[in-house]
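In this text the structure is predicted, and so the values were computed from the model without any measurement. Below, read A as the first sequence line, B as the second, and so on, with proteins coming before strands; counting in each chain starts at 1.
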Amino acid sequence: MTIVLARNSPTEVVASSVDAHGELLGEATVLPFDRLAGFVAEREGAPEPERWVWSDSSRWYGDLLNAGVRVRRCHDLRLSHAILRNSTLTAHTAFARAEPTAWDQPVEPPSAHVAPVHSTLFDLGETMASGRSAAREDSAAEYRHQLQALSEVPDAGRLRLLLAAESVGALIAAEMRHAGLPWRTEVHDALLTAELGPRVPYGTRPARLEELAGRIRGILGDQSVNPDSPPNVLKALNRAGLMITSTNRWELAEYSHPVIEPLLEYKKRARLLTANGWTWMDQWIIDERFHPDYVPGGAATGRWATSGGGALQLPKQIRAAVTADPGWKLVVADAAQLEPRILAALSADTAMAAAGRGTDMYAGIVASGVVESREHAKVAMLGAMYGATTGESGRLMPKLTRAYPRAIRLVEQAARAGERGEHVTSWLGRSSPAPGADWQEAQRLASQPGASAAEESRARSRARDWGRFTRNFVVQGSAAEWALCWMGEIRNGLRAIEQRSSTPPGRLATASGAVFESLPHLVFFLHDEIIVHTPEEHAEEVAQTVTEAAAFAGRLLFRDFPVDFPLGIAVVDRYSEAK
DNA sequence: GGTCTATGCCAC
DNA sequence: AAACGTGGCATAGACC
């Protein structure tokens, strides 16, 4: 049922079957690394799946995938540890109050220990044994401590769900990295050539940029202007009589001068070149697949981060390069207005949930007569969740507060708590970190008798900053939990499709080591959207699975509270065709 | 040479 | 229209 895997020595693993309290059942098995994949595969073949307990999914599972082995369930000790150490729900336990241990250390950056995507079993022992982390692990003890902490929480259902969701997220992150996002370098190159001119060696300007740079210099009458240097451009513009203080896009756009147009053009195209140009393509696209390093729980709110490759910021400009293989489709889905819907559920604001009954919550808010336009509804909602005080959004707040008092009260209370330096907690139990030492120091200085006006003002400003963070934390963090549950359920549904289909399931290793050659699989995740790459014959079934999973996630988190989670969903050949 | 910060902009 | 949340990343330029 549950097996703890731990490094026993630089070349060995110990596998221990444990009971519901984490206590050892029978004898532990010691095996060399090169037998681990077979050991796991054999047990995954059984009808009743094991739950594998291990230190870091990125390491253990990355290597298993490279060896052609998938697992169904795991408990990621490091991710769970971070949640349990910091949650207000466990704050009273010995687990949370203990001195920090090795489990509180951040995991090594993935690049340092994750094997190349297509490495083989041959590398397994070496990567597992590499670096300072080759020390013996006390994973079984850590697992017992975590279970003990959970047993001391009166109503731990949500927290248990959070740990399960976080752990399945870690499996999915490793699987997506392994499979990669289908990428057509030919399409990417054509887009770059159209925007920039033909490819040139690194460090030289493509023709289109060179031409724009020439125009900019000509208009300014200064051949020394370097459009890649903001300070240099700023000085040149000031000399030309444009009294701007920054060269950012929206400030430039406010002036009318012949140089503005070519300058904005230059910046836009130069950004494409440096961020997602040929250098990026060479580095990150391997065999027509993009393999980013996802970092589950990388943001304080529980959102994922990424490390390398910039998967969080794939510009819309190049999304046409994300293309399904011949005979395959992309199922692209995003949750419509996820965060406001989450807020409605968190606060049990039935009026706000009712406005979201259709597919467009902002339209629903307009239809309820709260504001006059969809744009107003959107700006006001975002402002409420981000803590806007000025401008359009600030002006609309009173209307929103009148219509949805419960929802607004929830975010306001979260903001006030943050301003006092307190923790706030997401729906399933992830808590915000404490503000840093310099924040505390600023507050302390301002509260002393002789504090200067500047100190008081600084402290108030810092307090409000932290309040905006905690205000957003409860919504963003709970939305991230919904997204994990959604994706976990999609993964279950895809496995069901796999088992219904005629393609033989199970171990599907190919010469390249790829596990996912012939079946629908997740290939991309970005906060509230997913992409599944699927054989065309399964595309409609996949779309239905993804849609049902959204409803499932809503029920899993909020039971019978009447809040909908509609999706924008499309079956397409290219990512750019969705929406 | 390397490290660090500021800038600007991409995504949700 | 404007400066309000979470991130990553490339570059220039200051600094060691």
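For A:Arg357 (side chain) and A:Asp564 (main-chain N/O), no donor-acceptor pair under 3.5 Å exists by modelled atom type. Formation of a donor-acceptor pair under 3.5 Å by the A:Asp293 side chain with backbone atoms of A:Gly308 is not found in this model.
When distances are taken from the side chain of A:Gln313 to each of B:dG8, C:dG8, B:dC12, the shortest belongs to C:dG8. Checking B:dC10, C:dT11, C:dG5 against every side-chain atom of A:Thr274, the shortest atom distance belongs to C:dT11. Closest to the A:Asn248 side chain, of the nucleotides C:dC4, B:dG8, C:dG8, is B:dG8. Checking C:dG7, B:dT7, C:dG5 against the side-chain heavy atoms of A:Ala299 singles out C:dG7 as nearest. The side chain of A:Leu526 lies closest to B:dC12 when the candidates are C:dC4, B:dT7, B:dC12.
Aromatic rings from A:His188 and A:Trp183 are positioned such that their centres are separated by under 6.0 Å. Centroid-to-centroid, the aromatic rings of A:Trp280 and A:Phe290 come within less than 6.0 Å.
Between A:Met381 atom CE and C:dC4 atom C1' the separation is 14 Å, expressed in whole Å. In this structure, A:Arg319 places its CZ atom 12 Å from P of B:dC10, rounding to the nearest Å. Distance A:Arg374 CZ to C:dA1 P: 16 Å, rounded to the nearest Å. As a whole-Å value, the separation of A:Leu234 CG from B:dT7 C1' is 11 Å. Straight-line distance from the CH2 atom of A:Trp466 to the P atom of C:dC4: 17 Å, rounded to whole Å. In this structure, A:Leu252 places its CG atom 18 Å from P of C:dA1, rounding to the nearest Å. We find that CG of A:Asn276 is positioned 11 Å from C1' of B:dA11, with the value rounded to whole Å. A straight line from CG of A:Leu314 to P of C:dG8 spans 15 Å, rounded to a whole angstrom.
For the residue pair A:Ser426 and A:Ser478, no side-chain donor N or O sits within less than 3.5 Å of a side-chain acceptor on the partner. Counting only N and O atoms by type, the side chains of A:Tyr61 and A:Asp56 include no donor and acceptor under 3.5 Å apart.
Using a 4.0 Å heavy-atom distance criterion, A:Gln476 is classed as a base contact. Backbone-only contact: A:Arg249 has heavy atoms under 4.0 Å from sugar-phosphate atoms and none from a base. Residue A:Tyr266 is classed as having no contact, given no heavy-atom separation below 4.0 Å to the nucleic acid. In this structure, A:Gly309 reaches the sugar-phosphate backbone alone: every heavy-atom distance under 4.0 Å involves primed, P, OP1 or OP2 atoms, never a base. A:Arg271 comes within contact range of at least one nucleobase, with a heavy-atom separation under 4.0 Å. Using a 4.0 Å heavy-atom cutoff across all strands shown, A:Gly308 reaches sugar-phosphate atoms only and no base atom. In this structure, A:Thr390 reaches the sugar-phosphate backbone alone: every heavy-atom distance under 4.0 Å involves primed, P, OP1 or OP2 atoms, never a base. Contacts of A:Ser246 with the nucleic acid, taken as non-hydrogen atoms under 4.0 Å apart, involve only primed sugar atoms and P, OP1 or OP2. If you check every strand for non-hydrogen atoms under 4.0 Å, A:Ala480 touches nothing. No contact: A:Arg464 has no heavy atom under 4.0 Å from any strand. Nucleic acid contact for A:Lys316: sugar-phosphate only, since backbone atoms but no base atoms lie under 4.0 Å from a heavy atom of the residue. A:Glu529 comes within 4.0 angstrom of the backbone, heavy atoms only, and of no base.
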Residues A:Leu557, A:Trp486; criterion side chain to side chain contact (heavy atoms under 4.5 Å, CB included); working and verdict: CA-CA 10 Å; A:Leu557 265 67; A:Trp486 179 40; over 6 Å; no

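Side-chain nitrogen and oxygen atoms of A:Thr247 include at least one within less than 4.0 Å of the OP1 or OP2 phosphate oxygen of B:dG8.
Scanning both residues, A:Arg462 and A:Gln443, for their nearest heavy atoms gives CB-NE2, 3.9 Å.
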Please write out each protein N/O paired with an N/O of nucleotides 13-16 of chain C under 3.5 Å, distance rounded to 0.1 Å.
{"unit_1": "C:dG13", "atom_1": "OP1", "unit_2": "A:Ser229", "atom_2": "OG", "d": "2.7"}

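When each of A:Glu251 and A:Leu312 is assigned the nucleotide of DNA chain C with its nearest heavy atom, A:Glu251 is the one assigned upstream, toward the 5' end. Nearest-nucleotide positions on DNA chain C for A:Gly391 and A:Asn472 put A:Gly391 closer to the 5' end.
Environment of CD in A:Glu186: sparse, with no more than 12 heavy atoms of neighbouring residues, nucleotides or ligands closer than 6.0 Å.
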